[in-house]
Amino acid sequence: MSAAGETVRLAGRILTLRKMGKAAFAHVEDASGRIQLYFRLNVLGDDAFATVKELYDLGDIVGTEGTLFRTRTGEITLEVRRAVMLAKALQNPPEKFHGLRDTETRLRRRYLDFAANPDVRQAFSVRSRMVSEVRSFFDERGYLEVETPVLQPLYGGAFARPFVTHHNALDQDFYLRIATELYLKRCLIGGFERVYEIGRTFRNEGMDRDHNPEFTMLEAYQAYADYTDMMALIEELYLSVALAVHGAAQIPYGDDEIDLTPPWRRVRLHEAIEAATGIDIYAFPEADALLAEVRAQGIAAPERVTWATLVDELLAERVEPTLIQPTLLVDYPVALSPLAKRREDDARMVERFEAFVGGLEVANAFSELNDPLDQRQRFEEQARERAAGDEEAQPLDEDFLLALEYGMPPTGGIGIGIDRMAMLFTNSASIRDVILFPPVRNRESE
RNA sequence: GACCCGGUAGCUCAGUUGGCAGAGCACCUGACUUUUAAUCAGGGUGUCCUGGGUUCGAGUCCCAGCCGGGUCACCA
């Protein structure tokens with residue numbers, strides 16, 4: 001112990017406190033760790049020692065100065081010469097041995113969860129390093145980090161119901177963005193060739209273990225690239241992050257060990273469905289015929305039956321849960337992908353993939369549709385879906401179509417769920433474990 | 001939205017067949033100069049989630065509601 005005898009100053013929150021007649025021990029903790037303090041009457045003097053005995057409680061934050069020594073059990077301890085109360089706790093901290101377990105209190109007073117449960121704090125430390133590595137990854141590859149509007153006059157870029165708000169000065173409603181896609185594409189049209197944005201997006205939908213109404217998504221776009229470039233990108237990104245935050249390409253998740261080493265398994269969507277269910281979705285091009293096949297599988301039909309929703313139902317029910325090891329599902333039906341470019345060899349399909357890891361959808365990418373005429377048709381198809389009752393169909397965006405008419409280079413684009421990535425790298429079962437302050441319902445009394 | 005589970009002291013929890021509201025930690029009083037989940041002696045601090053109902057009597061049984069969790073639905 002090289003610092004023995006030297007004067008040391010440290011501060012922290014009191015976690016344990018053992019007061020005796022003329023001495024007291026405490027453990028204090030700050031972000032760097034915990035250490036024991038030793039207060040002695042004959043070192044501190046009557047007044048200062050009396051203050052410790054009468055005033056100090058668990059949870060208080062104190063500043064101290066003293067010298068280090070080892071107790072007879074060998075623990076490094078600060079013998080305190082001077083001490084000052086930095087913040088007095090008026091509320092009792094959670095119980096020191098059992099910690100804070102009650103899920104409702106943990107959510108409503110999240111600061112107590114952080115204070116009482118170091119492993120909860122640890123997850124956010126991992127998340128922070130992970131995001132840093134993600135930024136470095138894109139920065140090093142020449143992508144420009146940009147920030148596009150959160151408040152948008154029209155929403156788009158994903159299938160979701162938006163949150164709506166109102167701008168008083170303009171007396172105009174705005175939507176909180178459900179995706180950054182259409183603005184990032186405007187950047188491409190304007191000549192930026194590689195852009196990315198890590199941003200909060202908002203979708204007015206239910207919450208569960210892998211959905212939160214506000215979440216962080218990374219979208220990246222690269223001119224003169226296509227979805228195969230995005231396949232390599234997602235594989236390399238996950239590998240880089242794994243090595244940076246975990247030190248290995250293999251990570252534990254739940255009961256599984258996931259190997260992120262590229263290349264990931266690639267399966268064509270309709271083949272994955274056929275392998276799991278025996279149904280060749282392209283052999284049943286009409287919704288009614290496909291519905292009969294889906295029902296024969298014992299799968300409940302979605303509320304709104306279209307060919308596309310049935311395909312998605314098959315995917316969600318029978319394919320996605322099995323995708324524990326990293327898998328790229330490729331070549332989606334055009335009806336599910338109104339912003340993606342059609343395959344040249346099969347106009348029913350688009351150049352798109354979704355990446356799955358640990359059963360979670362972690363990325364969605366495509367060769368971006370840059371034909372303004374086809375894009376208009378796709379929007380018009382969405383408008384028909386909308387008129388038929390699909391609240392999540394995408395609205396026709398004339399302003400975006402106008403931009404496309406000036407010419408967007410062929411582009412590969414990808415959306416990556418940052419929260420789900422954090423779930424994987426922190427081995428968290430719930431997205432709320434990697435969101436600092438998840439929303440909770442107001443209590444009537446509050 | 002449906003179903004299941006839960007809500008008792010600041011925290012973690014117990015509470016029997018319906019019969020005075022409990023324990024540990026925390027807290028308060030006293031003792032204690034190397035303790036470390038300190039120890040020893042004493043002290044219970046409560047809207048039993050809320051509102052009704054049944055009953056001589058409800059934390060416990062019934063109904064409605066609130067809040068949380070889980071599963072499902074939704075999230076193409």
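Note that this is a predicted model, so its numbers are computed, not measured. In what follows, chains are A, B, ... by sequence order, proteins preceding strands, each numbered from 1.
- Rounded to the nearest Å, the gap between the P atom of U47(B) and that of G43(B) is 22 Å.
- In this structure, Leu58(A) reaches the sugar-phosphate backbone alone: every heavy-atom distance under 4.0 Å involves primed, P, OP1 or OP2 atoms, never a base.
- Side-chain contact between Ile35(A) and Thr77(A) is absent, with no heavy atoms from C-beta onward closer than 4.5 Å.
- The pairing partner recorded for C13(B) is G22(B), the criterion being a Watson-Crick or G-U wobble arrangement whose two distances lie under 3.5 angstrom.
- A gap of 43 Å separates the P atoms of G18(B) and A37(B), to the nearest Å.
- Between Glu398(A) and Arg376(A), at least one side-chain N (NZ, or NE/NH1/NH2) sits under 4.0 Å from a carboxylate O, which counts as a salt bridge.
- Rounding to whole angstrom units, CG of residue Leu112(A) and C1' of A26(B) are separated by 14 Å.
- Checked against the 6.0 Å centroid threshold, Trp307(A) and Phe284(A) do not count as a close aromatic pair.
- The list of side chain to side chain donor-acceptor pair (under 3.5 Å) pairs with a residue in residues 410-423 of chain A, not counting sequence neighbours, reads Arg127(A)-Asp419(A), His211(A)-Arg420(A).
- Applying the Watson-Crick and G-U wobble criteria (two distances, each under 3.5 Å), U35(B) pairs with nothing in any strand.
- Atom C1' of nucleotide C25(B) and atom CG of Leu15(A) are separated by 15 Å, given to the nearest angstrom.
- In this structure, the ring of Tyr238(A) has its center less than 6.0 angstrom from the ring center of Phe425(A).
- Atom CZ of Phe97(A) and atom C1' of G10(B) are 19 Å apart (whole Å).
- For C72(B), the paired base is G1(B) (Watson-Crick or G-U wobble, both distances below 3.5 Å).
- As rounded to the nearest Å, G51(B) and G59(B) have P atoms that lie 12 Å from one another.
- Pairing for G6(B) goes to C67(B), judged as Watson-Crick or G-U wobble with the two contacts each under 3.5 Å.
- Pairs passing the side chain to side chain donor-acceptor pair (under 3.5 Å) check and including a residue from residues 277-287 of chain A, sequence neighbours excluded, do not occur.
- The partner of A41(B) is U29(B), by the rule that a Watson-Crick or G-U pair needs both atom distances under 3.5 Å.
- Atom-to-atom, CD1 of Ile14(A) to P of C27(B) comes out at 10 Å; the value is rounded to the nearest Å.
- Note on Arg203(A): every side-chain N or O is 4.0 Å or more away from OP1 and OP2 of C75(B).
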Give every pair of a protein N or O atom and an N or O atom of nucleotides 11-14 of chain B that lie under 3.5 Å apart, one pair per line with the distance.
from, atom 1, to, atom 2, distance (Å)
C11(B), O2', Glu95(A), N, 3.1
C11(B), O2', Gly99(A), O, 3.1
U12(B), OP1, Arg101(A), N, 2.9
U12(B), OP1, Asp102(A), N, 2.8

Could you please spell out the steps behind the side-chain hydrogen bond (donor to acceptor under 3.5 Å, both in side chains) verdict for Asn364(A) and Tyr332(A)?
-> CA-CA 11 Å; Asn364(A) 179 24; Tyr332(A) 277 61; over 6 Å; no
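- Distance, Phe39(A) CZ to A38(B) P: 15 Å, rounded to whole Å.
- Remark on RNA chain B: of its neighbouring residues Gln382(A) and Lys53(A), the 5'-side contact belongs to Lys53(A), judged by nearest-heavy-atom nucleotide.
- Pair check for A58(B) finds none; no Watson-Crick or G-U wobble contact set falls under 3.5 Å.
- The C1' atoms of C4(B) and C20(B) are separated by 35 Å, rounded to the nearest whole Å.
- C5(B) and C49(B) have their C1' atoms separated by 16 Å, with the value rounded to a whole Å.
- The side chain of Glu104(A) approaches G68(B) more closely than any other nucleotide in the set C28(B), A26(B), G68(B).
- The nearest whole Å value for the distance from the CD atom in Gln394(A) to the P atom in C75(B) is 14 Å.
- Sorted by first and then second residue, the salt bridge (charged side-chain N to carboxylate O under 4.0 Å, His left out) pairs involving residues 42-59 of chain A (not counting sequence neighbours) are Asp57(A)-Lys88(A).
- Atom P of U71(B) sits at a distance of 26 Å from the matching atom of G15(B), rounded to the whole Å.
- Here the C1' atom of nucleotide U71(B) and the CZ atom of Arg209(A) are 10 Å apart, to the nearest Å.
- The shortest distance between side-chain heavy atoms of Pro439(A) and Asn212(A) falls below 4.5 Å.
- A58(B) sits 11 Å from G53(B) when the C1' atoms are compared, rounded to a whole Å.
- Ring geometry for Tyr38(A) versus Phe25(A): interplanar angle under 30°, hence parallel rather than tilted (30 to 60°).
- Residue whose closest nucleotide on RNA chain B sits further toward the 5' end, between Glu54(A) and Leu17(A): Glu54(A).
- Between the P atom of C75(B) and the CG atom of Asp208(A) lies a distance of 12 Å, rounded to the nearest Å.
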Show me, pair by pair, the donor-acceptor contacts under 3.5 angstrom made by side chains of residues 78-86 of chain A, not counting sequence neighbours?
from, atom 1, to, atom 2, distance (Å)
Arg82(A), NH2, Glu65(A), OE1, 3.3

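- Closest approach to the Glu205(A) side chain among C27(B), G68(B), C75(B) is made by C75(B) (side chain taken as heavy atoms from C-beta onward).
- Within 4.0 Å of Leu315(A), counting heavy atoms only, lies no atom of the nucleic acid at all.
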Hey, what are the protein-to-nucleotides 33-35 of chain B N/O distances that come in under 3.5 Å?
from, atom 1, to, atom 2, distance (Å)
U33(B), OP2, Lys22(A), N, 2.9
U33(B), O2, Arg40(A), NE, 2.9
U33(B), O2, Arg40(A), NH2, 3.3
U34(B), O2', Arg72(A), NE, 2.6
U34(B), O2', Arg72(A), NH1, 2.6
U34(B), O2', Arg72(A), NH2, 3.1
U34(B), O2, Arg72(A), N, 3.1
U35(B), O2', Arg18(A), NE, 3.2
U35(B), O2, Arg18(A), NE, 2.8
U35(B), O2, Arg18(A), NH2, 2.9
U35(B), O2, Gln36(A), OE1, 3.2
U35(B), N3, Gln36(A), OE1, 2.9
U35(B), N3, Gln36(A), NE2, 2.9
U35(B), O4, Gln36(A), NE2, 2.7
U35(B), O4, Thr71(A), OG1, 3.1

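- To the nearest whole angstrom, the two P atoms, one in U16(B) and one in U60(B), are 11 Å apart.
- Contact annotation: the side chain of Val334(A) approaches that of Arg378(A) to within less than 4.5 Å [non-hydrogen atoms, C-beta and beyond].
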